[in-house]
Amino acid sequence: MIDVRRIRTEYEAVRTALGRRGDGTGELARVLELDEQMRQVMQERDDIRSHVNALSKEVGQLRRDGDVAAAEAKQEESRELGERERAIAGVVDQIGEQVRELLLHIPNLPSPDAPDGAHADDNVEIKRVGPGDDPAAWADHQRVPHWDIGTELGILDLERAVKMSGAMFTMFRKQGATLARALCQLALDRNSDAFEEVRPPTVVLTETMISTGHLPKFADDAYHLERDGLWAIPTAEVPLTSLARDEILDESDLPMRLMAQTACFRREAGSAGRDTRGLLRVHEFDKVEILAYATPAQAAELHADLLARAESLIAALGLTYRVLDLCAGDLGNSSARTFDIEVYSPGVDQWLEVSSVSWFSDYQARRANIRYRSAGAKGTETAHTLNGSALAVPRVWAAVVETHRQPDGSIRIPDVLLPYFRGHTEIR
RNA sequence: GGAAAGUUGCCAGAGCGGACGAAUGGGACGGUCUCGAAAACCGUUGAGGCUUUGCGGUCUCCGAGGGUUCAAAUCCCUCACUUUCCGCCA
């Protein structure tokens, strides 16, 4: 949520920044108008309340003095004011709700550092490691899609997953299941130097989904357990961001770094028919997320660190990848700046987005009411939040299997995963 | 799922219609004393909105929401959570 005061005081700048997203600045003018109106009515309400409070004190005094007649006169006066107060207070509340509703739908301001652009095509590649999609770099035995490899080796059983749960659900078996687990374990182990491991709930309240910006705008993308008013999380970002909701952190505790492996659930409502084969787009998958709460001053350095950590994992798995600086028009709703890591996977001959590392400035923290207090300073400030996928299983699983397929059809297990493979060095 | 008790500031805990944003104790911070520290003593110590160049003014918040009243931490209703007991259970 953007700070209303910022809309009030820097209207043009906010409008211009939002304009860079390309999807219009819609209700911004309406917010400004309602806010103006609300402050006026609020002032009026507070004046009446002040008057009522004063009268009530006088009534108390008069009654103690035994002057019942005078007290009753004051009561009558106060009663009339009370009626007006109720009416005006109702208007304030109503406008307030309207403003909040509008604000919840307005996306975050892109960072000035985010490149210009309207579409994914305008994202800026800032780094490439390995051969990427150079056709000369890949052998025929690597040009087999993971669903074929998985079936051949008996490590991926999509048919039975569909029997249980329907299309776009998956099931790993044997060494395939081991690989899925090993990837998560590796991601957690490599970040345990600086991140606290958390195992949060995967089913959460509406308020928890609102805090990160997943609701109210994107309700169609999430699984909803209506009977209990709960939502299945699309990412561990959701519970981890609410961990500190409505709390005031100590500046000395910042940055606060958390990581969690959870199942992630996505309805993929808007992407029917795309990437339906194999593991590229699925309804449920495991992911290790790394997240930080920070002061504004710490944010840039942390953002770079999260990216470096996500990147080093991909590199350690021997995958070829590129890093994209997302343009303003392609940023997620809540993000001010995002770097994506895409792995090139030779079997499917595609760049796969495997990680998204974002800085949300104070957008989520304001929704979630997460503040911090500096030693000695008066009052509190809104914190910043950042997060990134350290490792999302299905696409990385696919890339590992396709990249490391040997001429004899077996899969070489990357060295960093060997500790989790009970002595095996290959999948066959 | 059933029953009982509870939810007040950083913590403990009082208050049970009017002088209560809230006693008291502890903690933390600052000061006096001291070569320094401890002890003692003094002081400060919640969050937020609107307004103001500033001093300040004003409103809201005692789990949440509603109600009664001139006036609610205090009375009434609903809900959530916590603890204990019973039931069920990986």
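Naming convention: chains lettered A, B, ... in sequence-line order (proteins, then strands); numbering from 1 in each chain.
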Using modelled atom types and a 3.5 Å cut-off, is there a donor and acceptor pairing between side-chain atoms of A:R367 and backbone atoms of A:I210?
yes
Go through the steps to decide whether A:M209 and A:V204 satisfy the test side-chain contact (heavy atoms from CB on, under 4.5 Å), and finish with yes or no.
CA-CA 7 Å; A:M209 290 282 279; A:V204 300; 3.9 Å; yes
Interatomic distance, A:Q43 CD vs B:U60 C1' [rounded to whole Å]:
14 Å
Over 12 non-hydrogen atoms of neighbours within 6.0 angstrom of CD in A:E301:
no
Taking only N and O in the side chain of A:R64, is any of them less than 4.0 Å away from OP1 or OP2 of B:A19?
no
Look at the rings of A:H224 and A:W231 and say which category their plane angle falls in: under 30° parallel, 30 to 60° tilted, over 60° perpendicular.
parallel
Whole Å only: how far is the CG atom of A:D250 from the C1' atom of B:G46?
14 Å
Name the pairing partner of B:G27, where a pair is Watson-Crick or G-U wobble with both distances under 3.5 Å, or state none.
B:U45
Take atom NZ of A:K57 and atom C1' of B:G17, then tell me their distance rounded to the nearest Å.
15 Å
Rounded to the Å, how far apart are A:L55 CG and B:C59 P?
12 Å
For A:R64 and A:Q61, does a side-chain donor sit closer than 3.5 Å to a side-chain acceptor?
yes
For B:G48 and A:R371 - does any side-chain N or O of the residue sit under 4.0 Å from the phosphate oxygens OP1/OP2?
yes
Identify whether any heavy atom of A:S56 sits under 4.0 Å from a base atom; if not, whether one sits that close to sugar-phosphate; answer base, sugar-phosphate or nothing.
base
Pairwise 5' ranking along RNA chain B for A:Q61 and A:V52, keeping only the more 5' one
A:Q61
Counting only side-chain nitrogens and oxygens, does A:R63 get under 4.0 Å of the OP1 or OP2 atom of B:G18?
no
It should be established whether A:N53 places a side-chain nitrogen or oxygen under 4.0 Å from OP1 or OP2 of nucleotide B:U58.
no
Tell me the partner of B:G87, counting only Watson-Crick (N1-N3 plus N6-O4 or O6-N4) or G-U wobble (N1-O2 and O6-N3) with both under 3.5 Å; none if nothing fits.
none
B:A40 - base-pair partner by Watson-Crick or wobble geometry, distances under 3.5 Å
B:U32
Pair partner, B:G17 [Watson-Crick or wobble, under 3.5 Å]
none
For B:A5, give the paired nucleotide (Watson-Crick: N1-N3 plus N6-O4 or O6-N4; G-U: N1-O2 and O6-N3; both under 3.5 Å), or none.
B:U82
The side chain of A:Q75 lies closest to which of these nucleotides: B:C59, B:C50, B:C70?
B:C70
If B:G65 has a Watson-Crick or G-U wobble mate with both distances under 3.5 Å, name it; if not, just say none.
B:C77
Whole-Å distance between B:U51 P and A:R49 CZ?
16 Å
Are any of A:R373's side-chain N or O atoms less than 4.0 Å away from OP1 or OP2 of B:G46?
no
Electrostatic pair A:R6:A:D362 at N-O distance under 4.0 angstrom
no
Nearest-Å distance once atom C1' is located in both B:G27 and B:G15:
22 Å
Phosphate oxygens OP1/OP2 of B:C50: is one of them under 4.0 Å from a side-chain N or O of A:R8?
yes
